Protein chains: 2
Amino acid sequence: MSETRLSQAIHTLKESGVRITPQRHAVLEYLVNSMTHPTADEIYKALEGKFPNMSVATVYNNLRVLREIGLVRELPYGDSSSRFDCNTTEHYHIICNSCGKIVDFHYPTLDEVESLAEQVTGFDISHHRMEIYGRCENCQDVPAAKH
Amino acid sequence: MSETRLSQAIHTLKESGVRITPQRHAVLEYLVNSMTHPTADEIYKALEGKFPNMSVATVYNNLRVLREIGLVRELPYGDSSSRFDCNTTEHYHIICNSCGKIVDFHYPTLDEVESLAEQVTGFDISHHRMEIYGRCENCQDVPAAKH
DNA sequence: TAAACTAATTATAAAGATTATAATATAAGA
DNA sequence: TCTTATATTATAATCTTTATAATTAGTTTA
């Protein structure tokens, strides 16, 4: 099944006239199989073994390409670096204020919000993003840590 | 009215045992009066005239303090630096993909999403954030610019 | 299959945003 | 006013991301 998702993604790449290089394939494959919304650096470190000479710039370049095609969504956070999410099914994220854990959360997509926004502002809406913040069950047991 | 908001904010600061320095006061005042969701650097430049010796670290320190108390919300973006929003009435943001313009958008707060998230994940939810992306009316007239 | 063309990768370096550090200055309470 | 803890300043360091130029390697075409 993730085999299928990967093949589909590669098909999309080819259709966009983008070359399939081993590094690009590996970044995409890692993202498709990842459940953790990795940062660029995490991807870089994860592929270090397979591609000892790979440059960080390659990771960023490929993430940009994948984002432009729409295969990957970038999720910037306040504390540090962006995280990247393979944009398959529409979903939202719940983020722990204490430990930073990210949990996927399914909720009926808020089409209504988008259409209302379109009417009120005249924008041509492309998508929306929602995140819910709180303390996960683990962190509720421990006294609040100072950020 | 924004006078009141400022006084209330300062009251909150005092209650939290935080010192009211001229710089801190100025950062807070600028944020209360600002409609543009400024970046740290914009605040720094705006206050340069009044405080020629102010360090950029002071701006960041104060933004952190204000955020920890809950007076200010940080809105990290993918392209560059975070923006800061005086967290008064609950609202959402519509962001132009082309020019970056941010427009406030009022919508009934999505309490239902929060309570459902709480039930499903066991998180103790504190707040949520939603942004809507698209092209503003101005940018719709111009051919799509390559990011 | 080989040559050619174009895009991708690498190895830097640079830029930009944010944080850390140590010394000095200052707000606020006694 | 004095004292003390906190805030500010000036600077450097860190971290993330992007830019550049040279090299390498996909893909197309003959």
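These numbers come from the heavy atoms of this one structure, side chains and all, not from hydrogens, waters or symmetry mates. Computed from a predicted model, the values in this text were never measured in an experiment. Letters go in sequence order (proteins before strands), and every chain restarts at 1.
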Visitor: Quick one: sort the A:His91 and A:His93 rings into parallel, tilted or perpendicular, breaks at 30° and 60°.
Guide: perpendicular
Visitor: Does D:dT8 have OP1 or OP2 sitting under 4.0 Å from an N or O in the side chain of B:Asn62?
Guide: yes
Visitor: Answer yes or no: does a side-chain N or O of B:Thr58 lie under 4.0 Å from OP1 or OP2 of D:dA7?
Guide: no
Visitor: Rounded off to whole Å, could you give me the CG-to-C1' distance for the A:Asn61 and D:dT23 pair?
Guide: 15 Å
Visitor: To the nearest 0.5 Å, what is the distance between CG on B:Leu71 and OG on B:Ser16?
Guide: 7.0 Å
Visitor: To the nearest Å, give me how far apart CZ (A:Arg83) and P (D:dT16) are.
Guide: 11 Å
Visitor: What's the spacing between B:Lys45 NZ and B:Thr39 OG1 if we round to 0.5 Å?
Guide: 8.0 Å
Visitor: Would you mind reading off the distance between A:Asp41 atom CG and D:dT14 atom P, rounded to a whole angstrom?
Guide: 16 Å
Visitor: Map A:Val65 and A:Pro52 onto DNA chain C by nearest heavy atom, then report which one ends up closer to the 5' terminus.
Guide: A:Val65
Visitor: Starting at the 5' end of DNA chain D, which residue's closest nucleotide do you reach first, B:Asn53 or A:Ala40?
Guide: B:Asn53
Visitor: The side chain of A:Tyr60 is closest to which nucleotide in this list: C:dA11, D:dT8, D:dT17?
Guide: D:dT17
Visitor: Atom NE2 of A:His11 and atom CD of A:Glu15: how far apart are they, to the nearest 0.5 Å?
Guide: 4.0 Å
Visitor: Over how many whole Å does the gap from A:Met54 atom CE to D:dA25 atom P extend?
Guide: 15 Å
Visitor: Starting at CZ of B:Arg64 and ending at P of C:dT18, how long is that distance when rounded to a whole Å?
Guide: 13 Å
Visitor: Output the residues of residues 11-28 of chain B in contact with DNA chain C, where contact means a heavy atom of the residue under 4.0 Å from an atom of the strand; sort by number or write none.
Guide: B:Arg19, B:Ile20, B:Pro22
Visitor: Under 4.5 Å between side-chain heavy atoms, counting indirect links through other Ile/Leu/Val/Met/Phe/Trp/Tyr residues: same cluster for A:Ile102 and A:Met130 or not?
Guide: no
Visitor: Between atom CD in B:Glu48 and atom C1' in D:dT9, what is the gap in whole Å?
Guide: 15 Å
Visitor: Determine whether the aromatic ring centres of A:His128 and A:Tyr92 lie less than 6.0 Å apart.
Guide: yes
Visitor: Over how many whole Å does the gap from B:Ile43 atom CD1 to C:dT18 atom P extend?
Guide: 11 Å
Visitor: Roughly how many Å is it from CD in B:Glu74 to C1' in C:dT19, rounded to a whole number?
Guide: 13 Å
Visitor: Using modelled atom types and a 3.5 Å cut-off, is there a donor and acceptor pairing between side-chain atoms of B:Glu74 and backbone atoms of B:Ser82?
Guide: no
